[in-house]
Amino acid sequence: MKEVALLLGTLCQLLPMQPVPESSDGLLTMEQVKEIGDYFKQHLLQSRHRGAFELAYTGFVKLTEILNRCPNVNLQKLPEQWLWNVLEEVKCSNPSSKLCATRRSAGIPFYIQALLASEPKKGKMDLLKITMKELILLAGPADNSQSTVPQVHALNILRALFRDTRLGENVIPFVADGAKAAILGFTSPVWAVRNSSTLLFSSLITRIFGVKQGKGEHSKTNRMTGREFFSRFPELYPFLLKQLEAVADTVDRCSRSPVYRSREMAARALVPFVMIDQVPNTIRALLATLPNCTDQCFRQNHIHGTLLQVFHLLQAYADSKHRMDSDFQQELTDITVCTKAKLWLAKRQNPCLVTRAVYIDILFLLTYCLDKPTKGNQPVLERLGFWEEVRGIVSGSELITGLPCTFKVPGLPQYLESLTKLAIAAVWAVLAKAREQTRDVPITFSQLLGSSFPEVRLLTLEALLERFSAGSSQLGEQGLSYLLHNMGEDFLKLAMKESHPECLCKILRILHCMDPSEWLPLTERCIHLTPKEFLIWTMDIASNDRFAPVLPVQHRSEIQGVALRLTSKVIAYHMKTHEENRDSLAPQLKRWVQLVILSCRDHLPTESRLAAAEVLTSVTPLVLTNPCLVLDLQDTLALWRCVLILLQSEEQAVRDAATETVTTALSQENTCQATEQYCLFQHVKLELRGNLGAAGTAVSRRVRSESRFDVKS
């Protein structure tokens with residue numbers, strides 16, 4: 001199918017057409033061109049197989065582009081005739097019609113798209129304008145007596161045209177009418193119309209605001225002020241206002257909607273309507289509407305919608321530029337007092353885990369804003385007894401009493417994540433105040449890491465990894481050493497039994513951040529593995545696709561990259577602490593070199609090659625520029641070859657990381673002069689100064705040939 005469609009399209013492009021009927025010039029007759037057009041029409045308008053009509057579309061585009069430039073007037077008018085014919089067929093709801101009536105209209109949008117996109121851009125684009133007007137009329141609400149099939153086709157064709165980048169700015173004048181048709185289609189009783197309206201609306205959002213630049217759904221990069229939006233599409237202002245008025249007359253407050261998504265969107269939509277100086281009063285008013293624990297009748301949907309609005313308003317207020325003002329601190333203090341009055345919503349008295357989670361998120365946000373001393377006074381939260389209340393919430397929660405891992409309740413993962421974040425904040429607050437006293441800690445990190453729920457373990461590991469990565473800058477030397485006390489055992493035990501890939505990755509990262517001397521000697525007692533056996537275990541993770549059945553390639557490469565970094569650090573520790581007995585590590589060193597070599601292959605994800613580059617940089621003083629050859633010559637040359645390969649990578653990040661290896665080696669140059677490695681290092685340096693891009697093959701060949709010589713040579 002693909003080859004036939006492309007062949008016909010290419011023949012139309014390359015073979016000359018007869019300028020007039022029965023002319024001796026040209027190879028393709030008008031009848032043959034019409035037959036080719038009918039072939040494409042049949043497959044595009046009647047085929048249900050997406051692959052079939054997509055491939056036919058490619059060939060049909062070639063044909064229409066040639067016809068629009070053809071000097072033969074009869075041939076030139078063929079696309080216009082085909083367009084009117086198909087529009088007439090779309091408009092009539094004849095049961096005998098052969099048009100494919102699937103939910104996205106199959107190849108019909110492709111057919112019309114090809115006819116319009118090939119229209120010369122230098123002209124007035126009359127075909128496009130007339131077609132858009134016809135389709136917008138068809139896409140509007142239909143009478144109950146009429147079939148909805150033409151409406152569905154029109155909505156789907158409009159979607160394809162608004163998505164087509166070749167039409168560019170020519171479809172912008174029709175965006176407002178397209179939006180009206182889509183929004184009005186939401187209220188149709190027919191599912192097919194509502195479905196096509198939703199798809200059209202999504203395409204219009206992309207056409208108006210551009211393709212999403214950020215990963216988050218609420219990224220600030222794709223935004224437009226109301227003034228700019230309505231200046232571009234002024235007719236949408238009265239239309240949208242009328243629609244909102246109609247909804248406001250028939251719907252109770254959107255925050256009470258039984259649809260979770262509606263409540264969430266209503267909370268986000270409220271934020272820009274409230275002036276920043278009115279946010280505190282609005283939050284207090286919303287909190288006052290929440291029920292007391294003694295109330296007998298209340299709706300959880302109402303509670304949830306109100307709490308979401310409080311959360312998003314508070315978040316916007318916390319991010320505002322007034323954050324350091326004294327008034328800001330006082331306003332948040334007043335909000336905290338109001339929040340404490342409804343604290344039962346965060347406890348087991350509230351049976352709904354969804355509303356419990358949002359209330360705990362509000363508490364966590366307050367800790368982020370207020371847990372700082374103010375001009376010689378103790379933090380606001382301490383003065384208000386807030387932390388004492390938080391410790392009570394955590395102590396009486398399921399994090400302490402536990403839950404069976406088979407326990408399934410709506411909102412459980414969300415609740416556990418919110419509760420874990422608050423518990424961790426409470427632990428940090430205690431450690432920051434009195435690092436050696438644990439009686440005020442509501443829960444220990446060991447308890448959190450022992451949870452049967454991966455959500456709890458993952459958040460705890462992320463928090464610990466953040467502190468370990470920051471080192472002593474956040475907790476101070478005393479706080480960091482206290483935090484590390486006995487934690488090595490916990491990490492080792494958890495690593496051995498962890499089945500969740502993301503959690504295992506975080507554990508390996510933490511062990512890599514820690515000093516091996518603090519935990520490696522504990523392996524035999526904690527996990528019944530000697531340090532050498534633990535090294536072999538990390539190599540197994542770095543080399544095996546342990547999580548291949550359940551993880552995409554990117555996540556597998558991340559775990560293997562972290563395991564390779566940890567392996568390298570453990571090997572460096574062994575080599576430094578057992579200099580006199582390095583021969584016992586020879587098999588492990590050989591395997592480690594092979595792991596580094598395999599991680600440098602071009603077809604691997606960037607994460608794998610970055611890990612190899614970082615490992616090479618970390619071991620450069622120990623292995624690559626050491627005055628004495630630590631590895632045998634062949635392995636040392638193989639690692640230098642890895643450096644050269646990474647320097648020629650197509651990824652800028654990989655090249656930059658490999659450059660760090662070279663910089664580190666050059667800084668060590670004086671230490672290896674007049675030694676066995678000096679000649680080798682000078683040879684590599686000359687290659688580095690050359691044009692690696694042009695001489696990559698020669699460099700590899702020469703490095704390989706070096707392995708034939710002994711050290712003296």
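A donor and an acceptor atom, one from each side chain of Gln315 and Asp319, are nowhere located under 3.5 Å apart. Gln151 and Thr148 are not linked by any side-chain donor-acceptor pair at a separation below 3.5 angstrom, with hydrogens and angles left out of the test. Arg348 and Thr401 share a side-chain donor-acceptor pair at under 3.5 Å. Side-chain atoms of Thr355 and Gln300 include a donor-acceptor pair closer than 3.5 Å.
A salt bridge links Arg232 with Glu228: the closest approach of a Lys/Arg side-chain nitrogen to an acidic carboxylate oxygen falls below 4.0 angstrom. No salt bridge links Glu388 with Arg391; every basic N to acidic carboxylate O contact stays at or beyond 4.0 Å. Remark: Arg284 engages Glu331 in a salt bridge, criterion side-chain N to carboxylate O under 4.0 Å. Between Lys506 and Glu498 there is no salt bridge, since none of the side-chain N atoms of the basic residue sits less than 4.0 Å from a carboxylate O of the acidic one.
When the side-chain contact (heavy atoms from CB on, under 4.5 Å) test is applied to Gln309, the partners found at least two apart in sequence or on another chain are Arg253, Ser255, Ala267, Leu270, Leu286.
Under the side-chain hydrogen bond (donor to acceptor under 3.5 Å, both in side chains) criterion, the residue pairs touching residues 181-196 are Asn156-Ser196, with sequence neighbours excluded. Listed by first then second residue, pairs satisfying ring-ring contact (aromatic ring centres under 6.0 Å, His included) with a partner in residues 244-298 read Tyr260-His304, Phe298-Trp344, not counting sequence neighbours.
Judged purely by atom type and a 3.5 angstrom limit, Arg356 uses its side chain to pair as donor or acceptor with the backbone of Asn350. A donor-acceptor pair under 3.5 Å links the side-chain atoms of Asp295 to the main chain of Asn292, judged by distance alone. Side chain of Tyr359 to main chain of Lys347: no donor-acceptor pair is present (N/O by atom type, distance under 3.5 Å, no hydrogens or angles).
With respect to Leu332, the side-chain contact (heavy atoms from CB on, under 4.5 Å) criterion is satisfied by exactly one of Val337, Leu365, Thr339, Leu314: Leu314.
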Tell me, with the steps shown, if Phe364 and Tyr368 meet ring-ring contact (aromatic ring centres under 6.0 Å, His included). CA-CA 6 Å; Phe364 178 76; Tyr368 166 75; 7.7 Å; no
Yes or no on side chain to side chain contact (heavy atoms under 4.5 Å, CB included) for Leu511 and Ile507, after CA distance, side-chain angles and deciding distance? CA-CA 6 Å; Leu511 290 173; Ile507 297 166; 4.3 Å; yes
Run Leu464 and Phe445 through side chain to side chain contact (heavy atoms under 4.5 Å, CB included) and show every step you take. CA-CA 9 Å; Leu464 289 169; Phe445 285 118; 4.0 Å; yes
Tell me, with the steps shown, if His302 and Leu290 meet side chain to side chain contact (heavy atoms under 4.5 Å, CB included). CA-CA 9 Å; His302 180 200; Leu290 293 171; over 6 Å; no
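You'll find the side chain of Tyr415 stays beyond 4.5 Å of the side chain of Glu455, heavy atoms only. For the pair Ile510/Met514, a side-chain contact is recorded, criterion being any heavy-atom separation below 4.5 Å from C-beta on.
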